[in-house]
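Just so you know, ligand 1 is whichever comes first in the structure, and atom 1 is the first atom listed for that ligand. The structure displayed is predicted, hence computed values, not measured ones.
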Amino acid sequence: MYFRKARLIHAELPLVAPFKTSYGELKSKDFYIVELVSEDGICGYGELEAFPIPDYTEETLDTAILIVKQHLLPLLAQKEIHTPEEVNPLFGWIQGNEMAKAAVELAVWDAFAKREKRSLAKMIGATKDSIAVGVSVGLQRDVEALVQLVGRYVDEGYERVKLKIAPHKDIQFIEAVRKKFPNLSLMADANSAYNREDFSLLKELDQYNLEMIEQPFGTKDFVDHAWLQAKLKTRICLDENIRSLDDVKQAHMLGSCQAVNLKLARVGGMSEALKIVKYCKDNDLLVWCGGMLEAGIGRAHNIALAARDEFTFPGDISASNRYFNEDIVSPAFALIQGKLNVPVNPGIGVTLNLNVLQKYTKSTEEILLDKGWS
Ligand code: OSB
Ligand code: MG
């Protein structure tokens, strides 16, 4: 397949409520859609998940779109791509920039699945037709607000709840939610807000029957995480640390975690994600699908991945209405008895909702891939 054109659509969707983590607060989802058009008119879509500021990883929307335009799209220009697996090695000489790579690579996967008239889920070997999902809840003002919000999500049918924590915004909050929901599948995500000196706080969390504690320590640390994992009965899960299969191997060999939050955007796309899934399965690491507050395109990719059999633990893949009043795809993703349906149409299985997308589009740029580069 040759790609003849790319369209970069910059859009910003307001969130239904601000999302607060130990890094800061997000009020909207600012993103690009990467549309690749093949020689025979097939359109593949990817969503660029970098955030406006480099707090979660080094990439920002501005740096990532620059990498897409200056380095990744030129590699696709005038080059025949035979399988989507070729894209990851094609981008391999470029260091880092996983989110930029993922946005383009995932658009290629979508295009190939559409050409084969198969759903992306089926194409990557997924068999589930619906997936149980969880919800990630941001830091709240006080314990009462948190307990009430969790109650709302539980009523809506979410099967697993993740609570953001930070030092001293932890024990009280977790304790209150656990007391109100003794049997809820519950976990905590620190977004790297702790260090070894905070051990007593983390040790206290060990008594609340949490599914896991996600990314307590620094985003490049494997050694202190291993030290902590040896001291806790609760599983440690790594998120920010995991940018490639090599990172997962390192974490596993050192004993830094027992679970991996897998995000397509953070590991550079589908090919790397599938390798990580296999490694986790072979080495008894729990792997589950994380989220980046995706709009509809990114969410569709996540759902295809999480439809594989290895994903037994509900992902951070909530329904569209948990994030936005309206989503940019049709149909939007709806929660049905705690589950999301896996689209069956070709490719990602949803189409751009142009009415909604236009309302929130900030700019559009078209780049021809058959001229100007060799
Ligand atoms: O740490 O998992 C995280 C959102 C943005 C950046 C990092 C994280 C998150 C979430 C939200 O927890 C997950 C979702 O998309 O629902
Ligand atoms: Mg996380």
Side-chain angles (χ1 to χ4, degrees), residues 13 15-31 47-61 64 98-99 102 131-140 146 149-150 153 156 158-166 170 186-194 210-219 221 225 235-243 247 251 257 259-267 286-303 305-306 313-324 327 333 335 340:
L13 274 175
L15 290 167
V16 292
F19 188 76
K20 199 169 171 197
T21 69
S22 59
Y23 297 129
E25 192 176 69
L26 281 168
K27 292 193 166 71
S28 63
K29 172 69 181 178
D30 196 349
F31 62 100
E47 187 175 302
L48 178 56
E49 310 296 355
F51 293 109
I53 58 169
D55 52 359
Y56 173 76
T57 66
E58 302 89 333
E59 288 179 276
T60 71
L61 273 174
E98 290 84 6
M99 297 193 193
I131 56 170
V133 294
V135 61
S136 172
V137 183
L139 290 168
Q140 301 297 309
L146 178 64
L149 186 56
V150 170
Y153 289 131
E156 284 177 34
Y158 288 103
E159 294 200 353
R160 189 230 75 205
V161 174
K162 173 166 121 180
L163 305 179
K164 293 291 183 179
I165 55 167
D170 40 26
L186 189 66
M187 56 188 280
D189 184 359
N191 288 110
S192 81
Y194 294 77
L210 299 178
E211 298 275 10
M212 61 192 85
I213 299 173
E214 187 173 320
Q215 196 71 42
F217 294 159
T219 63
D221 165 77
H225 278 109
R235 285 187 283 231
I236 303 291
C237 173
L238 290 180
D239 173 356
E240 282 87 332
N241 280 48
I242 305 299
R243 313 285 280 269
D247 290 332
C257 67
V260 171
N261 171 331
L262 181 55
K263 295 182 183 175
L264 288 164
R266 205 193 52 234
V267 303
L286 175 66
V287 63
W288 59 281
C289 184
M292 296 281 283
L293 309 172
E294 286 88 351
I297 299 291
R299 192 161 307 280
H301 284 285
N302 288 348
I303 291 169
L305 177 65
F313 187 81
D316 281 347
I317 318 175
S318 308
S320 298
N321 72 359
R322 178 260 174 271
Y323 309 90
F324 316 112
D327 205 342
F333 294 102
L335 197 69
L340 297 184

A.B. asks: Check whether any side-chain N or O of Glu294 sits under 3.5 Å from a backbone N or O of Met292 as a donor-acceptor pair, and report yes or no.
C.D. replies: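 Flag set: sc Glu294 to bb Met292 pair under 3.5 Å.
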A.B. asks: Contact between Arg322 and ligand 1, counting heavy atoms under 4.0 Å?
C.D. replies: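 No, Arg322 has no heavy atoms under 4.0 Å from ligand 1.
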A.B. asks: Return the minimal non-hydrogen interatomic distance between Ala295 and Phe31, and the atom names on each side.
C.D. replies: CB-CZ, 3.7 Å
A.B. asks: Among Ser136, Cys289, Gly134, Ser22, whose heavy atom sits nearest atom 10 (C) of ligand 1?
C.D. replies: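 Nearest heavy atom to atom 10 (C) of ligand 1 lies in Ser136.
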A.B. asks: Which bit of Asp239 gets closer than 4.0 Å to ligand 1, counting heavy atoms only: side chain, backbone, both or neither?
C.D. replies: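 Side chain only.
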A.B. asks: Indicate the ring-plane relationship of Phe217 and His225, choosing parallel, tilted or perpendicular according to the 30° and 60° boundaries.
C.D. replies: tilted
A.B. asks: So which bit of Glu214 gets within less than 4.0 Å of ligand 1, heavy atoms only: side chain, backbone, both or neither?
C.D. replies: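 The answer is the side chain.
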A.B. asks: In Asp189, which N, O or S atom comes closest to the Mg ion (ligand 2)?
C.D. replies: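 Nearest N/O/S atom: OD2.
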A.B. asks: Please determine whether Glu240 has a backbone or side-chain N, O or S atom lying under 2.8 Å from the Mg ion (ligand 2).
C.D. replies: no
A.B. asks: Please determine if the Mg ion (ligand 2) has an N/O/S atom from Asp316 lying under 2.8 Å away.
C.D. replies: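 For Asp316, the answer is no, given that no N, O or S atom comes within less than 2.8 Å of the Mg ion (ligand 2).
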A.B. asks: Report the atom name of the nearest N/O/S atom of Asp239 relative to the Mg ion (ligand 2).
C.D. replies: OD2
A.B. asks: Would you mind naming the N, O or S atom of Glu214 nearest to the Mg ion (ligand 2)?
C.D. replies: OE2
A.B. asks: Determine the sole option in Lys29, Arg299, Arg266 for which the salt bridge (Lys or Arg N to Asp or Glu O under 4.0 Å) test with Glu49 is passed.
C.D. replies: Lys29
A.B. asks: Could you state the interatomic distance from CZ (Arg322) to CD1 (Ile317), rounded to the nearest 0.5 Å?
C.D. replies: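 It comes to 13.5 Å.
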A.B. asks: Knowing that exactly one of Leu26, Leu61, Thr60, Asp30 qualifies, which makes a side chain to side chain contact (heavy atoms under 4.5 Å, CB included) with Phe51?
C.D. replies: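 One option only clears the test, and that one is Leu26.
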A.B. asks: One residue to check: Ile317. Relative to ligand 1, which of side chain, backbone, both or neither has a non-hydrogen atom less than 4.0 Å away?
C.D. replies: neither
